[in-house]
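Letters A, B, ... mirror the listed sequences (proteins, then strands); counts begin at 1. Both backbone and side-chain heavy atoms feed into the values below; hydrogens, waters and symmetry mates do not. This is a predicted model, so every value here is computed, not measured.
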There are 2 protein chains.
Amino acid sequence: MSETKRVWLFEEGSAKMRDELGGKGANLCEMTNIGLPVPPGFTVTTATCNEYTKLGGQLPNGLLDEVKVALAKVEASLGKKLGDASNPLLLSVRSGAKFSMPGMMDTVLNLGLNDETVQGLIKQTDNPRFVYDSYRRFLMMLSDVALSNATNKLSKHDFEHIFYELKTELGAKEDLDIDADGLKELVTRYKKYILVQSGREFPQDVYEQLKMAIEAVFKSWNNERAFIYRRREKISDDIGTAVNIQSMVFGNQGEDCGTGVAFTRNPSTGERLVFGEYLMNAQGEDVVAGVRTPMPIQELANQNPAIYSQFNDICNKLESHYKDMQDIEFTIEHNKLFILQCRSGKRTGPAAVKTAVDMVGEGLITKDAALARVNPELLNQCLHPIIKPGSKYTVIARGLPAGPGAAAGIAVFDAATAAELGKGGKGQKVILVRADTSPDDLKGMLASEGVLTERGGMTSHAALVARGFGIPTVAGCSEISVDGNKKQFNAGGKIIKEGDYISLDGALGEVIEGTVEVVDPELTGEFGTLLQWADETRKLGIRANADTPEDVELAIKFGAEGVGLCRTEHMFFGDERRPIVQAMILAESDEERKVQLDKLLLFQRDDFALIFKALQGRPATIRLIDPPLHEFLPNLETLIEEVAANKALGKVDNEKVDLLAKVQSMHEINPMMGLRGVRLSIVFPQIVEMQTKAILQGAINAKLQGHDPHPEIMIPLVGHVNELKSVRANLERVAAEVEKADGTTIDYSFGTMIEIPRAALTADEIAKESDFFSFGTNDLTQMTFGFSRDDSDRFLKPYVEQKILPGDPFESIDQSGVGQLMEIAVAKGRGVKPKLKLGICGEHGGEPASIAFCHKIGLNYVSCSPFRVPIARLAAAQANLTDSGSGRDR
Amino acid sequence: MSETKRVWLFEEGSAKMRDELGGKGANLCEMTNIGLPVPPGFTVTTATCNEYTKLGGQLPNGLLDEVKVALAKVEASLGKKLGDASNPLLLSVRSGAKFSMPGMMDTVLNLGLNDETVQGLIKQTDNPRFVYDSYRRFLMMLSDVALSNATNKLSKHDFEHIFYELKTELGAKEDLDIDADGLKELVTRYKKYILVQSGREFPQDVYEQLKMAIEAVFKSWNNERAFIYRRREKISDDIGTAVNIQSMVFGNQGEDCGTGVAFTRNPSTGERLVFGEYLMNAQGEDVVAGVRTPMPIQELANQNPAIYSQFNDICNKLESHYKDMQDIEFTIEHNKLFILQCRSGKRTGPAAVKTAVDMVGEGLITKDAALARVNPELLNQCLHPIIKPGSKYTVIARGLPAGPGAAAGIAVFDAATAAELGKGGKGQKVILVRADTSPDDLKGMLASEGVLTERGGMTSHAALVARGFGIPTVAGCSEISVDGNKKQFNAGGKIIKEGDYISLDGALGEVIEGTVEVVDPELTGEFGTLLQWADETRKLGIRANADTPEDVELAIKFGAEGVGLCRTEHMFFGDERRPIVQAMILAESDEERKVQLDKLLLFQRDDFALIFKALQGRPATIRLIDPPLHEFLPNLETLIEEVAANKALGKVDNEKVDLLAKVQSMHEINPMMGLRGVRLSIVFPQIVEMQTKAILQGAINAKLQGHDPHPEIMIPLVGHVNELKSVRANLERVAAEVEKADGTTIDYSFGTMIEIPRAALTADEIAKESDFFSFGTNDLTQMTFGFSRDDSDRFLKPYVEQKILPGDPFESIDQSGVGQLMEIAVAKGRGVKPKLKLGICGEHGGEPASIAFCHKIGLNYVSCSPFRVPIARLAAAQANLTDSGSGRDR
């Protein structure tokens with residue numbers, strides 16, 4: 001016996017042991033202990049999985065002895081024995097990690113069947129068809145997960161082909177058309193296939209079967225799709241999976257049997273009504289795999305009112321016990337209900353919001369708990385685009401509304417093509433169309449705008465992934481027929497081929513011909529309530545990064561309290577302006593440059609006036625020109641090509657040659673660290689003088705129209721206090737001149753970004769010259785790591801894959817490095833100016849973990865893109881709850 | 001009267017008041033007080049200069065009253081009065097900052113002369129020629145510095161031209177050929193020129209003259225050449241200049257008068273013999289300006305033994321008093337000796353070393369004082385290249401050996417052209433050839449490899465600058481005649497034109513036709529002694545950056561204790577290797593890549609074996625490949641041109657098109673922050689595996705030959721501990737395999753560079769995985785500031801000029817930013833590993849101020865280029881002296 005207990009009977013554990021027993025195991029224990037009808041069984045710990053991995057794929061010594069001890073107790077309680085020829089116990093062997101990874105790991109059912117126990121079971125059940133059906137399933141499952149390997153491939157596809165051949169021989173259409181003798185023959189053929197293909201007989205020793213199944217589950221922890229899933233979901237590879245070994249109950253023993261999956265509330269909408277599906281005379285995998293289309297759970301009220309009522313009671317009991325919406329698997333065996341699993345139900349963003357807000361109304365949870373419970377990223381789904389109301393379009397098919405939002409793109413018919421063409425690949429918009437999806441399709445699904453499947457219900461793999469990752473999905477769309485080989489589908493006679501445009505409305509389950517226009521949703525109801533609670537709870541201010549009046553309006557609609565970053569160089573683009581900007585840059589003299597700047601002044605002044613108007617009195621942090629000037633000029637490589645081609649052909653184009661010379665002279669080897677930001681303001685002060693004039697004049701114009709502008713002028717890329725000192729003095733002079741000329745005053749201030757490591761390190765000096773700091777964590781991350789974001793893909797991907805870095809530091813703030821610099825800057829800045837206003841305007845400002853960090857180090861606000869404002873509001877509230885020890889009621 | 005005393009009589013001050021009175025003023029006080037024959041006078045403080053600047057160019061109220069009080073005391077002591085028609089006092093008005101800035105600021109002599117006092121002085125001296133000569137000089141000097149301005153230019157050149165015309169009219173050749181009447185006429189013409197040109201009469205009021213002269217000196221503190229000089233010498237602009245107002249004595253009253261300049265020892269060699277020059281019947285400027293070629297000081301022993309003997313006594317007295325070699329100005333007035341100035345004598349590197357070592361032998365100073373006294377940068381001159389011994393070349397002229405070292409380049413004939421073509425300009429090697437030089441030529445001289453002048457002695461402007469800045473210089477080369485207009489010179493009939501190659505031997509004073517080969521000097525004698533003392537005193541170790549066995553040998557010759565940085569990628573260059581490297585990079589498969597790496601292995605293995613051999617048991621820190629791979633590939637822009645030209649002409653060159661595609665795919669937007677350093681080791685581990693193999697096999701080969709290799713393998717660009725952990729584990733495996741295969745062991749270690757800000761911030765984590773740290777302050781400076789060194793010229797120059805930054809942070813460590821990160825890294829690293837070995841291998845490792853900083857923060861060693869090793873040894877000793885409060889004996 002080992003020192004640590006590796007095997008826990010369900011009556012020994014509890015819901016608190018998720019770390020040790022995995023989510024499924026811990027909940028099986030909990031349900032057993034609160035008296036729910038759970039088939040007896042036991043769980044092998046997650047730590048054992050890690051032992052297995054460390055031992056290079058060997059079960060630790062003593063484990064099987066422990067398993068046998070637990071098994072003996074299960075056998076005693078049921079009066080059956082594993083491998084007993086007359087009264088055999090059958091087992092299910094399932095994975096179960098701390099965090100749910102649906103379908104990613106292996107499962108073996110009906111374990112304990114062999115040529116001998118089959119006979120005993122037939123005698124016992126008097127149902128040879130059921131027994132041979134169970135046996136053939138078991139043969140296939142154990143072969144697939146435990147006997148198959150790289151050299152001796154036992155593919156599910158081959159098993160299915162053998163079954164298909166038999167059905168053809170026997171003239172059968174459906175599986176159910178095959179009788180016991182047919183299945184007996186199938187078992188014989190399966191066993192022969194196994195022998196020929198793997199070179200060994202299917203194991204008849206039930207303990208060997210059990211050992212193989214346990215090993216298979218542990219091994220599946222490290223399969224590729226599980227890795228991909230964990231990386232995407234940020235689940236650690238170190239936590240391992242438990243193995244749940246449970247006595248089988250059968251939903252496929254006849255018409256008084258069945259199996260189903262249900263949520264205690266609607267996982268798409270949050271509606272308070274049990275929501276699920278079941279199939280009579282079936283095993284669980286038939287429901288989940290989407291091979292047969294199941295019945296809605298409410299149908300059970302007609303078919304078997306007593307069971308339905310019992311099930312409803314159990315749902316209520318579980319919700320009050322767990323204080324959360326539950327996802328439940330159940331089986332009915334000869335009119336007896338068994339609960340096989342429960343877990344916190346995955347839900348869409350709208351469902352998460354509604355459930356949380358409703359449960360507060362129901363007195364189940366507190367407001368703080370409601371705020372703490374909703375993953376801010378899920379709000380994305382509440383903001384998901386919808387088809388523009390009033391749009392005209394042709395619906396060519398209808399299926400299940402399995403994933404939120406609308407999507408449009410070209411149809412592709414396999415996951416590999418989707419991954420190649422879609423997000424992370426060539427960046428095209430693709431819709432993945434499949435007969436049904438399997439975990440192997442995950443990568444392709446994540447690369448797609450939307451997913452369409454012919455088969456499978458709301459709890460099918462495709463639907464789970466759709467909700468988990470917010471992918472617009474129409475599932476179980478039986479109105480289409482997909483031909484994967486021909487790469488096309490038929491929707492009522494209309495043929496859609498690979499490359500044709502289609503659209504999906506995931507909320508309505510509609511498949512649409514061609515492309516539709518998608519627009520942003522309205523925010524109302526529970527969404528508004530939750531965010532109002534968030535606003536009451538959070539301490540951080542929320543601003544938005546917005547460069548245009550339209551962006552500002554959107555940001556305010558989403559709850560922004562001001563603009564944290566207005567990038568003025570974006571105002572240099574546009575057909576009308578770009579030639580002026582280029583002429584300004586290429587000017588040979590200050591006078592010539594001034595002519596162009598005077599033209600730009602008029603544009604920017606009007607831009608700012610409109611922005612101040614849209615802000616309705618809220619503050620705006622306006623960043624002076626930041627990028628290197630050559631970014632506004634024609635592309636160097638294109639010019640080289642053109643000039644070289646002209647030269648080869650003897651053509652004379654002196655203008656182009658001169659332009660090339662100028663562009664070449666301004667070219668930089670590392671433009672990220674070149675002549676940009678405040679450096680531009682020192683070398684070419686005229687540009688920012690114009691911008692300051694435009695801001696002040698724009699503010700004065702807005703004021704004259706009755707608005708209340710508060711420009712905060714931000715000088716980027718400061719690394720030494722003298723840069724700020726020098727530029728600020730010059731621009732204050734310009735601002736004062738404008739005010740004097742117009743005879744009015746504006747409430748403006750000057751501040752800087754902290755985005756250069758040296759600025760953070762010398763923030764005490766810089767604070768003396770600055771009214772505010774805004775952390776530019778994009779650049780700060782680039783320079784603190786020495787990672788050029790433009791070039792880092794080629795090493796950041798392997799870095800994250802090889803776990804050199806815990807994640808992409810451009811997504812979530814690297815707290816120990818970049819964050820350390822931020823903490824230094826906060827301490828030094830506030831040491832000099834205790835009331836110094838501090839914000840963040842890098843993209844991290846909309847990322848929940850980074851927002852929590854910003855809260856922790858005492859920033860005044862975060863600023864993010866308008867669409868992330870709601871996420872930031874909720875994340876900021878959660879940060880304050882965590883900080884004050886509240887929230888997280890379990 | 002002001003609260004602060006602005007005017008100090010010489011008897012009131014002392015040598016300790018350099019801050020307040022400037023170097024010249026303080027020494028005039030000191031000499032007065034130790035009883036030397038100093039003409040009475042007083043000094044206006046440096047603080048007054050700053051007041052003047054702050055007042056926008058106004059003398060502060062009350063100053064002139066203070067001056068008059070002091071003047072009255074001088075008048076009383078001499079029995080003369082300024083402006084007195086019968087017994088007039090004449091004054092000199094000279095600048096004098098804390099640090100000597102020879103010739104950079106303005107001087108006015110003979111002040112107090114006007115049409116009235118001229119008559120009194122003639123009566124008194126009975127020497128009308130002397131009086132008119134003095135008056136005409138005074139007219140020119142005061143006009144030049146005080147009456148001339150941008151609109152009314154009174155140029156020295158015009159004055160000289162007027163004199164030249166007069167000489168021609170009178171048929172005179174030399175100035176001395178003109179008699180009193182001629183000079184009287186000259187005075188009349190000068191006054192007329194002044195009136196016509198400036199619109200005003202030359203001021204006759206002696207107090208107005210004095211006020212103008214004082215203002216002129218203050219104004220000259222801010223003239224352009226003074227700025228250039230201070231920037232070059234790193235003298236602050238804030239310290240201001242004092243004004244020394246002193247009663248005149250005259251070296252030009254007749255043949256029993258004279259003036260001279262002398263050093264108490266030879267400033268070129270350090271030889272202990274008074275070294276100087278004098279002219280009889282002349283004023284000081286005649287000696288310094290180099291217009292007449294003066295006599296060696298020893299000649300005075302024949303001409304006037306009593307004065308010579310007195311002068312020698314004064315030299316000895318000054319040396320024992322100041323305990324340093326002095327630079328003395330003196331005047332003989334009717335056989336009476338006056339000392340007008342003394343200061344610590346500027347000297348060449350060899351002279352500085354010899355003087356310091358000799359003075360220890362003489363018991364004048366301690367070893368510590370000797371070490372503290374020599375500016376480490378001066379050692380450069382001891383290492384100055386010499387003409388390769390045994391070279392054959394043609395000497396076309398001989399002059400004075402005014403500046404150390406040999407130089408070769410093209411002849412240019414004006415400072416502007418030198419500045420344009422030479423260092424800091426187009427980077428060509430130029431030799432500036434002038435009739436004589438003036439302070440206006442400084443910029444051009446600094447841009448030149450060497451300087452050649454036709455006129456001027458060893459104390460001429462050209463010679464002073466040459467020694468001060470270590471510019472190989474031949475001065476007073478009367479064998480040539482320079483024609484500045486034609487841009488050529490004639491050396492005994494040989495015409496050298498602009499653009500022709502010439503060479504100089506500054507040590508021998510030779511002018512050579514064409515280009516010679518220059519080689520490095522031998523180090524012996526006092527140089528060795530001083531550096532031995534330095535070695536005994538310093539705590540910092542000194543290593544060298546060396547990539548080849550030749551570099552290693554040179555470094556050891558200069559005293560390096562090991563190699564601190566061996567850049568392995570330099571071993572990838574060379575005609576034989578580059579094609580292999582390119583094939584390796586362009587390889588399509590790992591197998592193909594391995595074939596090329598196996599070839600490179602053989603080369604690098606032999607390289608390392610030779611390096612270990614050259615090191616003779618000393619350690620070598622070997623950096624694994626650092627630059628991005630595309631640096632080894634053909635230039636992208638050239639390829640684009642070629643392919644575009646081919647395309648235009650319809651030529652097919654698929655190989656080039658493919659190469660372009662590959663180069664383009666590897667192109668990076670910011671290569672400094674791209675796929676390089678440790679990132680390469682993670683993405684393409686094969687390269688560093690090969691390098692590690694080569695290091696270990698090279699070490700084993702060296703060991704087999706009886707050598708004692710100690711490789712320290714350095715992994716560059718680490719920003720996160722996991723990078724180091726991962727690569728180290730892999731390379732330790734490789735190293736162990738090599739050791740196992742060869743059945744031997746090598747004393748190797750693994751460490752990292754700290755050159756990424758994040759590495760410094762997380763040095764505690766990194767130290768756990770690292771045997772040593774080496775600060776890569778080049779990259780650390782780039783990333784801490786966000787300055788790309790390749791691109792920063794366009795803003796760093798204006799930054800330094802506008803004083804946004806105190807200096808170029810790539811030259812001397814930015815202690816408050818980059819240095820702060822280093823301190824963090826030292827504290828965190830040593831916090832985890834108290835004995836962690838710490839070094840620096842950026843270029844700062846050879847810069848004295850940075851070395852002092854490295855000493856202060858507790859590094860174990862600095863590493864620099866072989867030629868800077870002696871400088872680093874001395875700087876490290878000085879750092880320790882400063883640290884322990886020793887050294888600096890005054």
Side-chain angles (χ1 to χ4, degrees), chain A residues 636-637 640-649 651 664 668-675 677 679-680 682-683 717 719-720 722-723 725-726 755-759 761-762 765 779 782-792 794-795 798-799 802-806 814 816-818 820-821 824, chain B residues 628 636-637 640-649 664 668-675 677 679-680 682-683 717 719-720 722-723 725-726 755-759 761-762 765 779 782-792 794-795 798-799 802-806 814 816-818 820-821 824:
Chain A
L636 172 64
E637 298 185 9
I640 292 175
E641 268 174 10
E642 289 173 356
V643 169
N646 281 343
K647 202 173 156 193
L649 298 170
K651 275 191 210 161
Q664 219 142 18
E668 291 182 311
I669 300 188
N670 299 291
M672 228 293 299
M673 311 172 85
L675 182 53
R679 302 163 199 172
L680 272 177
I682 287 169
V683 179
L717 220 70
H720 193 290
N722 288 348
E723 296 175 306
K725 221 178 201 167
S726 154
E755 54 184 338
I756 300 269
R758 198 181 184 285
L761 293 164
T762 60
E765 294 171 14
D779 274 358
Q782 291 199 87
M783 288 182 234
T784 304
F785 274 94
F787 287 169
S788 161
R789 197 174 182 180
D790 291 317
D791 305 301
S792 59
R794 283 198 296 157
F795 52 89
Y799 267 37
Q802 294 177 36
K803 303 206 173 283
I804 305 276
L805 292 180
D814 159 52
S816 52
V818 177
Q820 191 182 147
L821 277 179
I824 289 172
Chain B
L636 173 65
E637 298 185 8
I640 292 175
E641 269 174 11
E642 290 172 356
V643 168
N646 281 343
K647 203 174 153 193
L649 298 170
Q664 219 142 17
E668 292 181 313
I669 301 193
N670 299 291
M672 228 293 298
M673 309 171 86
L675 182 53
R679 301 163 199 172
L680 272 178
I682 287 169
V683 179
L717 219 71
H720 193 291
N722 288 347
E723 296 174 306
K725 219 178 203 169
S726 155
E755 54 185 338
I756 299 270
R758 199 183 184 284
L761 292 165
T762 60
E765 295 171 13
D779 273 359
Q782 291 200 87
M783 287 182 239
T784 304
F785 273 95
F787 287 170
S788 161
R789 198 173 181 180
D790 291 317
D791 305 302
S792 58
R794 282 198 297 158
F795 52 89
Y799 267 38
Q802 295 177 38
K803 302 205 176 284
I804 304 277
L805 292 180
D814 158 52
S816 53
V818 177
Q820 190 183 148
L821 277 180
I824 290 171

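For a residue to count as touching a neighbouring chain, one of its non-hydrogen atoms must lie under 4.5 Å from one of that chain's; by this rule A:Ser816 touches chain B with backbone and side chain alike. Proximity to chain B (any heavy atom under 4.5 Å) is shown, for A:Asn646, by neither the backbone nor the side chain. For B:Ile824, the part lying under 4.5 angstrom from a heavy atom of chain A is the side chain only. Both the backbone and the side chain of A:Pro671 come within contact range of chain B, each with at least one heavy atom under 4.5 Å from a heavy atom of that chain. Neither the backbone nor the side chain of B:Asp779 comes within contact range of chain A; no heavy atom of the residue lies under 4.5 Å from a heavy atom of that chain. Of the atoms belonging to B:Gln802, it is side-chain heavy atoms, and not backbone ones, that fall under 4.5 Å from chain A. Looking at A:Glu641, the atoms closer than 4.5 Å to chain B (heavy atoms on both sides) sit in the backbone and in the side chain alike. With a 4.5 Å cut-off on non-hydrogen atoms, A:Leu636 touches chain B through its side chain but not through its backbone. The contact between B:Glu723 and chain A is made by backbone and side chain atoms together, counting heavy-atom distances below 4.5 Å. B:Lys725 does not touch chain A: none of its heavy atoms, backbone or side chain, sits under 4.5 Å away. Contact annotation for A:Gln664: only side-chain heavy atoms (C-beta onward) come within less than 4.5 Å of a heavy atom of chain B.
When A:Pro757, A:Ser726, A:Pro798, A:Ser792 are compared by the number of non-hydrogen pairs under 4.5 Å with chain B, A:Pro757 comes out ahead. Interface remark: of the candidates A:Ala759, A:Ala645, A:Gly719, A:Ala645 forms the most heavy-atom pairs closer than 4.5 Å to chain B. Considering only heavy-atom pairs separated by less than 4.5 Å from chain B, the leading option among A:Leu675, A:Leu680, A:Leu761 is A:Leu761.
Distance check: A:Phe787 CZ to B:Asn670 CG gives 13.5 Å after rounding to the nearest 0.5 Å. For the atom pair B:Gln782 CD and B:Ile756 CD1, the distance stands at 10.0 Å (nearest 0.5 Å). Interatomic distance, CG of A:Asn722 versus CD of A:Glu765, reported as 8.5 Å (0.5 Å rounding).
Between the side chain of A:Gln820 and the backbone N or O of B:Thr762, no donor-acceptor pair lies under 3.5 Å. Distance alone, capped at 3.5 Å, is enough to place a donor-acceptor pair between the B:Arg679 side chain and the B:Gly674 backbone. Using modelled atom types, one side-chain atom of A:Asp814 and one backbone atom of A:Gly817 make a donor-acceptor pair closer than 3.5 Å.
A heavy-atom distance below 4.5 Å is not found between the side chains of B:Phe795 and B:Ile804. A heavy-atom distance below 4.5 Å is not found between the side chains of B:Met672 and A:Ile669.
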Give the C-alpha distance, both sets of side-chain angles, the deciding distance and a yes or no for side chain to side chain contact (heavy atoms under 4.5 Å, CB included) between A:Met673 and B:Met783. CA-CA 8 Å; A:Met673 311 172 85; B:Met783 287 182 239; 4.0 Å; yes
